[in-house]
Amino acid sequence: MTVPADTDSPPGDAPDPGPVPQLEIPYRYEPSASAAGLHRDHDGLEAGQETDIEVTVAGRVMFRRDQGKVAFATLTDPTGSVQLFARKNTTAGFDDFVRTSLGDWVGARGRVMKTRMGELSVEVTDWVLLAEARRSFGDKWNGVSDVETRFRQREVDLWANEGTRATLLLRSRAVSFLRRRLEDRGFVEVETPLLHPIPGGALAKPFVTHHNALDVDLYLRIAPELYLKRLVIGGFEKVFEIGRVFRNEGISPRHNPEFTMLELYQAYADHTDIMALVEDLVSSLALHLLGTTTLTYQGRDLDLSPPWERRTMASLVSGALGTDLDVHTPPAVLAGHYRDVTGEDAPEAWGTGKLLQELYEKTAESGLWGPVFVVGFPAEVSPLARRDRGDPDLAERFEAIVAGRELCNAFSELVDPDDQRSRFLAQAAAHAAGDEEAMVLDEDYLRAMEHGLPPTGGLGIGIDRLVMLLADVANIREVIAFPTLRPER
RNA sequence: GCGCCUCUAGCUCAACGGCAGAGCAACGGACUCUUAAUCCGCAGGUUUCGGGUUCGAAUCCCGAGGGGCGCACCA
């Protein structure tokens, strides 16, 4: 409903006090029925049939069709839409009813009926304005499609585009399901610090902030990993955390600076146990939310039913390059392939492990669709993972590639504090040499490890990407309510 | 960070070197069963911003800003 323009603005430089508060807006309203509930209970009515059932409904006016002394409005709530039917001689406030704006929130009371045309309706006896939409939110037919508006003013997008509501609801249900599934399996949800004195647990550039009272720089966490493993050391055998992590890196359709990670750790388990867990979590999630484990992502089929294929990194690289390579191949040979593939010389500091991984990422990874577990990661690029029981140059680590991109990262956790120290030192050397993403030595964590970390399997899953998969959307912003954007100026 | 594309009314879009338009929304009116209701009327713009070329610029050029996509980085 539009308020008449204030034509009596104060003279001179006195600031405009603005409109008088809308005292007539009620402080509460109690809907007795939802749109979906009304359809569920009354869709069986005959066209033209009236009932004595009085209900109250509330929501937003999305369409209005006036016809002189009778008017129809489409009222939308989170469950769907139901029609309001008002007539001049039976609806209190009819004249104001036909002046409501599209987007106004209203509460209406009336009896359930079906119009002659067979549309389930609430025949309004009285109604109340619950909020005024001073700004229109788009074309009633085309909605709002401007990408910038959609992500900057998500409240508009949510009302204008049903798909947005569906996607964010799907996300909520996915997180809820994963929580339940993990709790059913005996996992305990915990919370660990977001502010880290030393950024750790992943290879990424952190955001830096400052604590005034302590006068220390702190980092927004890039991963909860190390704290979660300290909880395992402290006796929590199965822990998980679902929370935000922050990485000070580029923004892209697949990257938001803050994103949600599920990490879990299970004592006495190794990476093969975690693989089975991933298969179960992801396939059961799809089954729960979509009713099937075979889905389509961006026009391409994807079958999430277990078991998923296993491939070693060495075999993938060998296949892509047409020659047998692995982590024991002389570095000069790997560097030669790197030059052939990229046209550039590999940095001197790279060992065979780093070279092999780079070759994998440059040649084989983009061709994978999955789901597939890539195993056989070099130990050199896996500073927190335990060495392979059969080959100390490899780590018992895997990534799941699903729909062509990395969905999770997991390993048998490194449990030897001496080995961990030497891995940290290697990372610290790389950091000192200019690799901003290399880890720094974390004495707190090493001290914790010296108290004894049992054999443990660990997992990190990017929730945003998982939801992208299920919602079949190509941009990570679709699954984040308020994605990071450059501020408007 | 680099490259390409893009920005016109509240929304969705035309006009692509020659008077800046339509539909929807808004505003006024008609209509007692509509479904994007219909009909009549009215209003709405520094064409993102700043320069330049031109008799003339929304249109061509340069720069800035926002956004998109790709690359780089990463999950």
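Letters A, B, ... are given to chains in the order of the sequence lines, protein chains preceding strands, and every chain is numbered from 1. If you're wondering where the values come from, they're calculated on a predicted model, not measured in any experiment.
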Should [X] be listed as having a side-chain N or O under 4.0 Å from OP1 or OP2 of [N]?
{"X": "A/Arg486", "N": "B/G67", "value": "yes"}
{"X": "A/Gln67", "N": "B/C33", "value": "yes"}
{"X": "A/Ser145", "N": "B/U12", "value": "yes"}
{"X": "A/Lys140", "N": "B/A36", "value": "no"}
{"X": "A/Asn248", "N": "B/C73", "value": "no"}

Residues of residues 38-66 of chain A with any non-hydrogen atom less than 4.0 angstrom from an atom of RNA chain B: list those, numerically ordered, please.
A/Phe63, A/Arg64, A/Arg65, A/Asp66
Under 3.5 Å, side-chain donor or acceptor atoms of residues 367-384 of chain A against the rest of the protein: list the pairs with distances, not counting sequence neighbours.
unit_1: A/Trp369; atom_1: NE1; unit_2: A/Asp301; atom_2: O; d: 2.8
unit_1: A/Glu380; atom_1: OE1; unit_2: A/Gly353; atom_2: N; d: 2.8
unit_1: A/Glu380; atom_1: OE1; unit_2: A/Lys354; atom_2: N; d: 3.3
unit_1: A/Glu380; atom_1: OE2; unit_2: A/Gly351; atom_2: N; d: 3.0
unit_1: A/Ser382; atom_1: OG; unit_2: A/Pro378; atom_2: O; d: 2.9
unit_1: A/Ser382; atom_1: OG; unit_2: A/Arg397; atom_2: NH1; d: 2.9

Go nucleotide by nucleotide along RNA chain B from the 5' end; which of A/Asn142 and A/Phe72 gets its closest nucleotide reached first?
A/Asn142
Both A/Asp146 and A/Arg87 contact RNA chain B. Taking the nearest nucleotide for each, which residue is further toward the 5' end?
A/Asp146
Would you say the side chain of A/Asp139 and the base of B/G10 hold a donor-acceptor pair, judged only by whether the two atoms sit under 3.5 Å apart?
no
Could you check whether the side chain of A/Glu119 and the base of B/U34 have a donor-acceptor pair of N or O atoms closer than 3.5 Å, going by distance alone?
no
What is the separation between atom CG on A/Leu102 and atom P on B/U35, rounded to the nearest whole Å?
16 Å
Got more than 12 heavy atoms from elsewhere within 6.0 Å of CZ, A/Arg181?
yes
If you count heavy atoms of other groups shown closer than 6.0 angstrom to CZ of A/Arg165, is the number above 12?
yes
Under the rule for side-chain hydrogen bond (donor to acceptor under 3.5 Å, both in side chains), what residues qualify as partners of A/Thr272, not counting sequence neighbours?
A/Asp270
Which residues satisfy the salt bridge (charged side-chain N to carboxylate O under 4.0 Å, His left out) test with A/Arg339, sequence neighbours excluded?
A/Asp345
Pairwise ring-ring contact (aromatic ring centres under 6.0 Å, His included) hits with a residue in residues 48-81 of chain A, at least two apart
A/Phe72-A/Phe85
Nucleotide nearest A/Gln83 (side chain, heavy atoms from C-beta), chosen from B/U34, B/G66, B/C69
B/U34
Pairing annotation in dot-bracket form, given for RNA chain B with Watson-Crick or G-U pairs under 3.5 Å and | for cross-strand partners:
(((((((..((((....[..))))..((((.......))))......(((((..]....))))))))))))....
